[in-house]
**Student:** 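So that we are looking at the same thing, I have put the structure below in structure tokens.
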Amino acid sequence: MLETLKTDVLVVGSGPAGSTAARYAARKGAQVTFIERRAQVGVPVRCGEMIPSTEEIGGMFVNAENIEELFDIPHNLRLREIQGIRLVNPKGKMVNLPFTGYTLDRDNLDQHLASEAEKEGASLIRNCQFKSIRNGIAVTSKGDIEYKVIIGADGPGSRVSKALHLPKVEHPYPAVTAQAKGDFEPYVVMYFGGIAPGAYSWIIPKQGQANVGVGFSPKFASGTLSEYFASFVKKHDFEIMNKLEGKFVPSEGPISNTVNGNGMVVGDAAGHVISVNGGGVPLALIAGRICGTIAGDNIINGRSLEDYQTEWRRIMLKPLKTAAFNKKLADVFAFGSDWRTGVCMGILGQRRMGNLIRCKRLFP
Ligand SMILES: Cc1cc2nc3c(=O)[nH]c(=O)nc-3n(C[C@H](O)[C@H](O)[C@H](O)COP(=O)(O)OP(=O)(O)OC[C@H]3O[C@@H](n4cnc5c(N)ncnc54)[C@H](O)[C@@H]3O)c2cc1C
């Protein structure tokens with residue numbers, strides 16, 4: 001147990017959002033502690049492990065400045081360059097989209113980001129679970145922590161968000177992932193409908209293996225996620241190498257308020273995820289930097305935490321709202337039957353499916 005620990009900024013969670021927030025708050029000169037309930041940062045992996053290229057991210061979030069610094073991921077962490085995305089309808093018809101990105105081992109990425117925060121002076125405490133806030137003090141499994149600013153980067157079921165009386169991430173989708181052995185082409189393959197009702201199943205190539213997984217919308221599903229995953233494995237005859245891991249993915253865009261008093265939420269805890277494809281790592285980094293920088297400024301020169309909300313909205317709100325709107329359109333018109341999914345994908349065609357993936361309007 002800790003004696004009551006005192007820190008300027010307490011960050012809960014050492015995923016991409018938490019480590020990035022910790023890194024930038026510490027860079028500003030604040031004393032930063034970030035806590036992680038798991039024993040090992042990033043383990044187990046619950047992610048498709050695909051990151052779009054800086055060019056793709058910059059094209060989606062045109063107001064984001066200096067993203068090169070954020071996505072300066074060491075080359076030895078990058079496993080495979082992606083040359084495109086194949087979107088497959090329930091009948092097997094394929095649309096090829098030019099798209100650049102790369103895959104990595106997500107545990108290595110998370111550990112790299114946590115070590116970047118530590119290099120700036122932030123202190124990481126593992127095996128430390130945030131429980132609640134009592135009289136302005138964080139109660140954790142390792143004792144109480146006194147803070148001036150608290151940042152919830154603890155995922156879609158955020159306890160910090162609840163303790164701060166911020167809105168919940170509503171209707172997150174369950175998704176599962178595992179590694180399949182073999183040589184796969186350098187394309188991300190997304191299979192819509194079929195065994196992933198209301199969402200998609202995927203193959204994301206790595207080195208000598210691929211990350212394979214399934215997500216679904218509970219409102220369209222009649223089986224369990226492990227049943228759908230088993231069908232996916234059977235259909236493609238995958239040789240699965242590890243235990244199936246799952247998590248929830250925010251599906252409705254950002255929550256309406258991310259700041260209350262001396263607390264903020266960021267990343268999945270704030271719904272910072274692209275609704276149409278479930279991608280959240282780039283947003284966790286972009287919003288994490290804003291959140292950490294403003295927390296640090298708050299400590300050093302009293303800057304208002306409300307600036308965090310203004311700033312992430314300036315950069316991310318429009319594309320995220322467009323993606324959430326497109327997802328709603330898909331729920332109404334495309335999902336519900338494989339036939340409708342196939343027809344809608346045919347009507348949209350390659351150009352508009354590209355807009356869908358890139359958070360752009362379908363019908364400008
Ligand atoms: C199956 C699946 C596949 C995905 N594929 C991709 C993909 O290919 N590309 C992409 O960009 N995005 C993908 N995503 C989304 C992406 O993983 C998330 O958006 C991203 O991890 C969000 O980062 P975060 O830091 O906000 O949250 P997380 O990565 O979830 O980190 C939260 C951290 O907080 C810790 N924590 C939680 N509660 C507490 C507590 N009470 N006390 C202390 N610590 C706590 C957790 O252990 C965790 O380490 C996928 C998601 C899933 C589920």
Side-chain angles (χ1 to χ4, degrees), residues 10-22 33-52 56-57 60 71 82 85 101-104 106-107 109-111 113-114 124-133 138-142 145 150-163 169 172-178 188 190 196 199-206 210-216 225 229 244-251 265-275 277-288 291:
L10 172 63
V11 182
V12 179
S14 70
S19 289
T20 306
T33 304
F34 61 134
I35 62 171
E36 170 55 54
R37 70 176 169 194
R38 299 195 257 184
Q40 213 182 337
V41 171
V43 179
V45 169
R46 296 173 177 132
C47 183
E49 307 180 286
M50 143 55 173
I51 311 288
E56 293 285 0
I57 297 167
M60 288 183 238
F71 295 95
I82 296 301
I85 302 183
Y102 53 94
T103 59
L104 38 67
R106 180 58 202 274
D107 45 349
L109 175 72
D110 284 17
Q111 286 160 19
L113 295 172
L124 172 62
I125 308 176
R126 298 177 186 81
N127 284 317
C128 182
Q129 180 171 26
F130 169 88
K131 294 188 169 172
S132 61
I133 298 173
V139 179
T140 81
S141 58
K142 285 200 167 173
I145 304 182
I150 186 166
I151 296 174
D154 49 342
S158 172
R159 283 200 185 188
V160 177
S161 182
K162 192 172 172 203
V169 167
Y173 283 14
V176 285
T177 171
V188 168
M190 298 166 80
Y200 65 91
S201 48
W202 68 82
I203 300 175
I204 300 180
K206 295 167 74 180
N211 182 307
V212 297
V214 177
F216 73 49
L225 202 45
F229 185 78
L244 192 63
E245 291 289 346
K247 204 174 120 238
F248 283 94
V249 186
S251 71
V265 289
V266 64
D268 275 15
H272 291 150
V273 171
I274 299 173
S275 308
N277 58 34
V281 174
L283 299 166
L285 266 64
I286 293 171
C291 189

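Indexing begins at 1, ligand by ligand and atom by atom, following the structure's order. The residues of the chain are indexed from 1 along the displayed sequence. From a predicted model like this one, the values you see are computed outputs, not experimental measurements.
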**Student:** Can you list the ligand 1 atoms lying under 4.0 Å from a non-hydrogen atom of Ala17?
**Tutor:**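 Checking each atom against Ala17, I get 24 (P), 25 (O), 26 (O).
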
**Student:** For atom 46 (C) of ligand 1, which of the options Gln40, Arg126, Glu245, Glu36 provides the nearest non-hydrogen atom?
**Tutor:**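 Nearest option to atom 46 (C) of ligand 1, by heavy atoms: Glu36.
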
**Student:** Apply side chain to side chain contact (heavy atoms under 4.5 Å, CB included) to the pair Thr177 and Val45, showing each step before the final yes or no.
**Tutor:** CA-CA 8 Å; Thr177 171; Val45 169; 5.5 Å; no

**Student:** Students should be able to answer this: which protein heavy-atom is nearest to atom 36 (N) of ligand 1, and at what distance?
**Tutor:**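 The answer is Arg37 NE, 3.8 Å.
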
**Student:** So, is Ala284 polar-close to ligand 1, with some N/O to N/O distance under 3.5 Å?
**Tutor:**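 No, there is no polar N/O contact under 3.5 Å.
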
**Student:** Under 4.0 Å from a heavy atom of Pro282: give me the atoms of ligand 1 that qualify, with their elements.
**Tutor:**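 Contacts of ligand 1 toward Pro282, numbered from 1: 11 (O).
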
**Student:** I need the nearest protein heavy-atom contact for atom 4 (C) of ligand 1: residue, atom name and distance, please.
**Tutor:**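 For this ligand atom, the closest protein heavy atom is Gly48 N, 3.1 Å.
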
**Student:** Can you list the atoms of ligand 1 that are under 4.0 Å from a heavy atom of Gly278?
**Tutor:**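 Contacts of ligand 1 toward Gly278, numbered from 1: 12 (N), 13 (C), 14 (N), 15 (C).
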
**Student:** For atom 11 (O) of ligand 1, which protein heavy atom lies nearest, and how many Å away is it?
**Tutor:**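 Result for atom 11 (O) of ligand 1: Val281 N, 3.0 Å.
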
**Student:** Does a sphere of radius 6.0 Å around NZ in Lys206 hold more than 12 heavy atoms from other residues, nucleotides or ligands, not counting ones at 6.0 Å or beyond?
**Tutor:**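 Yes, NZ of Lys206 has more than 12 neighbouring heavy atoms, counting only those of other groups under 6.0 Å.
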
**Student:** Pick whichever of Gly271, Pro172, Gly15 has a heavy atom sitting closest to atom 31 (O) of ligand 1.
**Tutor:**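 Of the listed residues, Gly15 has the closest heavy atom.
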
**Student:** With a cut-off of 4.0 Å, which atoms of ligand 1 are near a heavy atom of Ala153?
**Tutor:**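 It comes down to these atoms of ligand 1: 32 (C), 33 (C), 34 (O).
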
**Student:** Go through ligand 1 atom by atom and flag the ones less than 4.0 Å from a non-hydrogen atom of Gly267.
**Tutor:**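 It comes down to these atoms of ligand 1: 26 (O).
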
**Student:** To check your reading of the model: name the closest protein heavy atom to atom 9 (N) of ligand 1, its residue, and the distance in Å.
**Tutor:**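 Residue, atom and distance for the closest contact: Met50 O, 2.9 Å.
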
**Student:** State whether the shortest distance between N or O atoms of Val12 and N or O atoms of ligand 1 falls below 3.5 angstrom.
**Tutor:**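 Among all N and O atoms of Val12, none is under 3.5 Å from an N or O of ligand 1.
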
**Student:** Would you mind finding which of Arg106, Arg46, Lys247, Arg38 brings a heavy atom closest to atom 29 (O) of ligand 1?
**Tutor:**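 Residue with the shortest heavy-atom distance to the ligand atom: Arg106.
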
**Student:** Considering only protein heavy atoms, which is closest to atom 26 (O) of ligand 1, and at what distance to one decimal place?
**Tutor:**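 In this structure, atom 26 (O) of ligand 1 has Asp268 N, 2.8 Å as its nearest protein heavy atom.
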
**Student:** Can you confirm, on distance only, whether ligand 1 has an N/O atom lying under 3.5 Å from any N/O atom belonging to Gly280?
**Tutor:**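 Yes, Gly280 has an N/O under 3.5 Å of an N/O on ligand 1.
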
**Student:** Using distance alone, determine whether Phe130 and ligand 1 share an N or O pair under 3.5 Å.
**Tutor:**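 Between Phe130 and ligand 1 (N or O atoms, distance only) the closest approach is under 3.5 Å.
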
**Student:** Counting each atom of ligand 1 from 1 as listed, which ones have a heavy atom of Glu49 under 4.0 Å away?
**Tutor:**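 Listed by number with element: 7 (C), 8 (O).
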
**Student:** Cys128 heavy atoms, cut-off 4.0 Å: which ligand 1 atoms fall inside?
**Tutor:**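 Once the distances to Cys128 are compared, the set is 42 (N), 43 (C).
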
**Student:** Could you tell me the residue and atom name of the protein heavy atom closest to atom 34 (O) of ligand 1, and the distance to it rounded to 0.1 Å?
**Tutor:**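 For atom 34 (O) of ligand 1, the nearest protein heavy atom is Gly13 CA, 3.2 Å.
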
**Student:** Taking 4.0 angstrom as the limit and counting only heavy atoms of Gly279, give me the atoms of ligand 1 inside it, by number and element.
**Tutor:**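 Listed by number with element: 10 (C), 11 (O), 12 (N).
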
